[in-house]
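Inspection log for the structure reproduced underneath, given as structure tokens.
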Number of protein chains: 2
Amino acid sequence: MLDDIDKDLLKLLQNDSKQTNKALSHALGLSVTAVYERIRKLEKNGIISKYVALIDKKKVDKAFVAFCHVKLVQHSQDYVMKFEREVRKLDEVLECYHISGDYDYLLKVLVEDMEAFREFMVKKLTNINHIGSTHSMFMISEVKHTTAITL
Amino acid sequence: MLDDIDKDLLKLLQNDSKQTNKALSHALGLSVTAVYERIRKLEKNGIISKYVALIDKKKVDKAFVAFCHVKLVQHSQDYVMKFEREVRKLDEVLECYHISGDYDYLLKVLVEDMEAFREFMVKKLTNINHIGSTHSMFMISEVKHTTAITL
DNA sequence: TATGAAAACCGGGTTAG
DNA sequence: CTAACCCGGTTTTCATA
């Protein structure tokens, strides 16, 4: 489905989506039209899902990252769906995964500082019903963070 | 530093960076030039760090997500720096955080399937010296995943 | 507000599997 | 035959001073 040129193209676009087709065509050794059509195809079949601006969390005072394990008291369809619906609404939660292991969910939470995290836990997260227990870990430093998938 | 218009602008760009300045100006009730200059400023002072294409991991057969806790045998400057340097090189590791708690690091690993994860653990991760123990959890489903920080 | 660049799109011609 | 590419050209749109 994806040939080597597509993979190179995706690598370039995952690192900088503001490059012109001309620059891409040069980097890939293709014509501008060919690049244009490959991108269009990648967009159409949903391989490229969106184009976004990434912002530096330190610059906007949202550098406190917490990882929060959550266990539900019960795993009925109702409780699970309600929890997932509510958690999706929380702006502080950037990521939420249903995972294997001792806990049911792993959340990545982004806030200003520990005080804001406390507020988040008390007023928002544990306000969702049916949460049995939670366990939080805090980021000391970010060693690596990329959105680029290597193909 | 950021006024409400900047925040609205960043929200729009974090969701779709391919919008034209004209569309943004319309959404914000500003002139095209004003939008243009605000964006330029946000780029220049590093609040917008980059523009990227996001790709659908399911469409490229990289839908197996593992979270991997890692503990080092020892925490000397040397060992820590070496581990962090090595882990940054691993394509499968999208994110790596030094965290508080029982383990030292939390890694988000993206591979094709469980077999590829096994390969990754045996041939790559545990090949880094000084790793004491690891504990892995696997994603069952992705409830939420966004790159957009709410301001 | 003006201009130069680039994207978007099209038809047609070419090659390769 | 089909797919991918290239070329040239038009129109529209945008970034930018």
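Computed from heavy atoms alone, side chains included, the values below leave out hydrogens, waters and symmetry copies. A note on names: the letters A, B, ... follow the listed sequences, proteins ahead of strands, and every chain is numbered from 1.
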Quick one: is [X] getting a side-chain N or O under 4.0 Å of the [N] phosphate, OP1 or OP2?
X     : N      : value
B/Y36 : D/dC14 : no
B/K22 : D/dA15 : no
B/N21 : D/dA15 : yes

Does any part of the side chain of A/V143, heavy atoms only, come nearer than 4.5 Å to the side chain of B/V93, both counted from C-beta?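 Answer no - side chains too far apart.
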Which dot-bracket string fits DNA chain D when only Watson-Crick or G-U wobble pairs with both atom distances under 3.5 Å count, crossing pairs get [ ], and | stands for a partner on a different strand? |||||.|||||||||||
5' to 3' contact window, DNA chain C with chain A (heavy-atom distance under 4.0 Å):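 Contact boundaries, 5' end first: C/dA7 to C/dC9.
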Could you check B/T33 against A/Q19 and say which one's nearest nucleotide on DNA chain C is further toward the 5' end?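 With B/T33 and A/Q19 compared, the 5'-side residue is B/T33.
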Judged by each residue's nearest nucleotide on DNA chain C, which is more toward the 5′ side, A/E37 or A/T20?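 Its nearest nucleotide being more 5', the pick is A/T20.
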Check the orientation of B/H130 and B/Y79. Use parallel for under 30°, tilted for 30 to 60°, and perpendicular for over 60°.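 B/H130 vs B/Y79 ring planes: parallel.
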Separation of B/L24 CG from B/Q19 CD (nearest 0.5 Å):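 One gets 4.5 Å once the value is rounded to the nearest 0.5 Å.
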Partners meeting side-chain hydrogen bond (donor to acceptor under 3.5 Å, both in side chains) with A/E142 (sequence neighbours left out):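 Here the qualifying residues are A/K57.
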Considering every strand and a 4.0 Å limit on heavy-atom distances, what is the contact class for B/K18: base, sugar-phosphate, or nothing?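 The answer is nothing, as B/K18 stays clear of every strand by at least 4.0 Å.
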Sub-3.5 Å donor-acceptor pair from the side chain of A/T134 to the main-chain atoms of A/V70, do we have one?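 Looks like no, no N/O pair under 3.5 Å.
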